[in-house]
Every structure is written in structure tokens, then in C-alpha cells.
Amino acid sequence: MTSHDEDPEETEDGATAASAGGDHAADKGVVRRERFSGGPARAFLSSLAADERIFAADLAVDRAHVVMLAEQGIIGADDAAAILAALDDVEAAGHGALPDGEDVHEAIETAVIDRVGPAGGRMHTARSRNDEVAACIRYRLREDLLATVGTVVEGRETLLDVAATETETIMPGYTHRQPAQPTTVAHWVCSYESALARDTERLLDAYGRVNRSPLGAAAFAGTSFDIDRERTAELLGFDGIVENSMDASSARDFLMETSATVTGLATTLAGLSTDVVEFASDGYIDLSDDYASTSSIMPQKKNPDTLELVRSRAGDVASGLSGLVTTLSGLPRAYNRDLQRATGHAWDAVDAVHEAVPVAVGAVATADWPAETLEAAAGDGFATATGVADRLAVAGIPFRTAHELVARAGDLADGGNPGVEAIDEACREVLGEPLEAVADVAAIESALDPVENVAMRDSRGGPAPAAVEAHLDRTREGVAADRETLAGRQKRIEDAEEALDAEVSSYV
Ligand code: ARG
């Protein structure tokens, strides 16, 4: 945009488009001349306080819209300059200084008209609060989504660092909360990093649908003005437009998708929290005091409260998601004011997880893992049994027979862990032959040792230290790629902000 002096577009009756009807229409300087302005339901209707979250977004959306209107010759460059200057002033005064209004859109418009006079009323040409608010929510939510991705990526990096130092730290592994097979702390940590990697993927995927511009849809039915929807989308750093104008002003599935995605993330964190709470109870982890709490009456207590609070965030976001789905279900086309109440659920959801991620990760990263206790417990409940059966199967015994044999050895040990003697006895019972006749006794003995038992399981993604090292190498590449994607999206937003600033400066 180099020249701002084109005349506003002529309408059929020869009047300039935005001034048709005359500037005196806004002679009170108040949006919509106080129609429906009072009454007991005024505060009930208003979202102005909650809209603080989209104050900056609305200013950006206003600026992009005004620049586009001027470029298209729909409003004059002088009016655009006056409106853009007023928006700077409104921004400097802050959300708290806005006049009363049903929402931030109306209040900003009133503030602009207060400063510019009736020509300020041209700002709302060729749009509605319906496309405006949808654009504002998407504009702000994309920032929140990227911030959340940022904390998750950082959390994953931290978890990988923890894993790298604990590849040899043997610990018990469970299924059904029963001792199952020995594993390592690193393998456990990586399991959550893997889940967080998918959460990252889902957040980035949701971002692609959030970052679309509904602007130009107007109330729902488009406009007769010669607007340029791609231009406002570009000025605001959106990746494209939501094409159908009825869809654009009504759609909130992007809120639902974000909330669902975030609920998935919260569920991952809740699982990690429960593990840590149980590890703490078993004496398998020693949380830093920074992530623990105590009792007001029981002096000996050190409680994993922070993790319990992380876990509870899953409840917050799931209830928000359910509220959102309930609000959105069955709404008719096009815009309905119910949508005003939908937005808050998504803000609450992103805030809930954004705060929880660093706490969950911090608790793990600062904890001590008592290696001796963990290793001693790793074989409890004959958790080495599967490894022993595997070794018998390697020696040529069908796995099902080996399974039966090892189970019999477990019975013979009567609650304790069987040694090679019990396995030998079971072998004679089940196969009619001594152990040394069917397998390498030393190999069986080593399978009974939790450390060896873990080292054996070196299949890809398994817990053997070498397998975890290889996994860590691959995973670090994945995190780095996500970090790059994140940086690219942040850069695109920053570039758009700079470009919009430059456009605005060329008028003001
Ligand atoms: N505050 C409203 C919201 O959040 C803005 C749109 C109002 N539109 C309307 N037709 N009443 O949805």
C-alpha cells in the first residue's frame, strides 16, 4: 500500500459508501445510539470484563480491517488515519479505560467514535461483531496454543534429560498395579515423553484449524462491499480464511477441538501424576520439598500435593469440554449469543494445562530416585518370571510349556521368588528332565536378576539401557522438529504483527 488518497468507493446512488446516511447518524458519539443500552439485564449481557483477554486481539482485528477498507477504497485514507490513531490511543489507555459496553468490540468502537467523531463509525463498515469476535478468539487462542506447545516441548526436553541420566536405574514395572516386569526409570520417563509428543502433534494440528480468518463474513451473510478477505487474513497472520460466511461466524468447533486436545494433554499429566504419587507412597521417589507439601497436624508427612493438583486439572478441563459441547450442541445457524459463554471454557482449559505442565515436569526433574530401593523392589512378586520363561523358550521349550513351568516354580517358592533350584524342580515335574538337560542354567540364573532381566529386553522401544539410548536419539530429533515447527509459527505471527504495524504507520 503506497497511496492512501483514493476516493472512497461510490455507491449506486452516488453517495460514498460508508457515509451513506450521513455522519450525523452517530451524532451522540455512542455506538447504536444507546438502543437497548440499559435495563437490569445489561450486566448479564455484557462480556466486557472477560473480553480483556481479547482486547489486544480486537485492536489488531480493527486495524487490519481498517487498513483493508482503505486499500479497497471503501473508506477514505483520512478517516482510516484518524481511526487508526484513535486505536493507538485506546490501546495506550488500556482495557480498564474503555467506556461501558456490551462487549469489548462495542466499547472500542465507542472509544474510537469518542475520539474521532462520527467518522469513527466508519470502522464497522462491512463487518459485524459476529465475524469480529470469531476472529479475535482465533487470534488470541492461537497464541495460547503456541504457548502451551512451548511448555510441552520444553517439558519433553527436560524429561529426556532425566531419562538420559536414569537409563540404568532399575525399577519395578506394573500391570493392574501388580508387580509385572522390571523396567527402568528412563523407560518410564520416556513413556510419558512419547505421550506428550502425541499431545504436541494434536495441539499443532488443532492450531492449523484455529488459525483461519472468519473476518469478512459479517453477521453471517457476507457483505455487498468489495472487501478483500484474504488481505485481512494476511495482515493478521492467519493461514487462510473460513470461506462460507455462515460457517465462519457460527463455527466454534475450533474451541471444542482445542479443549479436547488439551483434555488429552491433561489426561497424560494425570497419568504421570498418579504414578508419581504411588511411587512416593512406595518410597520409590523422593520429591524435592519444592514439589511437596506437609500436614498441619501430622509432623512426619511429606505429601505429593502438587501432583495431585496436576491430576485434578484433568477434571477441570474435561468438565469444561463437556460444558462446551453442551453449549454448542444443537445451536441453530447462524450466530447465537450462547457462543459468548462457550469461549471461556476454552480459555480455562488452556490455562489449566499451561500451568500444570511445568509443575508436573518440574516434580519429576527435581526428584531423587533411590536406586538401591528401586532395584531391590524390581524383582518383587517374581517379576522376573517372564524373562525366565523367555530364556526357556530360547532353549527350545515351547513358550506355553515354559510359562506353565515357571508358574509351577513360583508356586513351589510359596510366595517368595523361586531360585534355580525351584525352577529345576518344576522342570522335572513338568518335563520329566532336570533343568540342565533342557537349558543353560547360567542363562536362567541371570534372568532371575532384575538388572540382567531388563538388559535382555532390548527390542526396539524396550527398557534395556541400549534400547532406551537409541530411543532417546530418535526422540531428540522429534522434539527438535517440533521446536522448529513452533518457532516457524511464532515467527509467522511476529512477521504479520510487524507488517500490520508498518501498514498502520503509513497512515498515522
Ligand atoms: N460478545 C459477543 C460474543 O462473545 C460478541 C458478538 C455479539 N454479537 C451479537 N450478535 N450479539 O459472542
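All of these numbers come straight from a predicted model, not from anything done at the bench. Values reported hereafter were calculated over all heavy atoms of this structure, with side chains retained and with hydrogens, waters and symmetry mates removed. As the structure lists them, so they are numbered: ligands from 1, and atoms in each ligand from 1.
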Quiz item: Do the charged groups of E257 and R202 touch, with an N to O distance under 4.0 Å?
Solution: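 Salt bridge: no.
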Quiz item: Quick one: does D228's side chain have a donor or acceptor within less than 3.5 Å of a partner on E230's backbone?
Solution: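 Yes; at least one donor-acceptor contact below 3.5 Å.
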Starting from [atom], locate the nearest protein heavy atom and write down its residue, its atom name and how far away it is, to 0.1 Å.
atom                    : result
atom 12 (O) of ligand 1 : Y335 OH, 2.4 Å
atom 1 (N) of ligand 1  : Q340 OE1, 2.7 Å
atom 5 (C) of ligand 1  : D103 OD2, 3.3 Å

Quiz item: Which atoms from ligand 1 have a heavy atom of V133 less than 4.0 Å away?
Solution: 3 (C), 4 (O), 5 (C), 6 (C), 12 (O)
Quiz prompt | Per-atom contacts, ligand 1 versus R337 - under 4.0 Å to a heavy atom | solution =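 Listed by number with element, the hits are 11 (N).
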With a sphere of 6.0 Å drawn around [atom1] of [X], does it hold more than 12 non-hydrogen atoms of other residues, nucleotides or ligands?
X    : atom1 : result
K491 : NZ    : no
R460 : CZ    : no
F220 : CZ    : no

Exercise. Any side chain to side chain donor-acceptor pair (under 3.5 Å) involving residues 262-273? Give me the pairs, sequence neighbours left out, ordered by first then second residue.
Key: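 Every side chain to side chain donor-acceptor pair (under 3.5 Å) pair that includes a residue of residues 262-273, provided the two are not neighbours, is D199-T268.
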Quiz item: N130: heavy atom below 4.0 Å from ligand 1, yes or no?
Solution: yes
Exercise. Please indicate whether any nitrogen or oxygen in S47 is less than 3.5 Å from any nitrogen or oxygen in ligand 1.
Key: yes
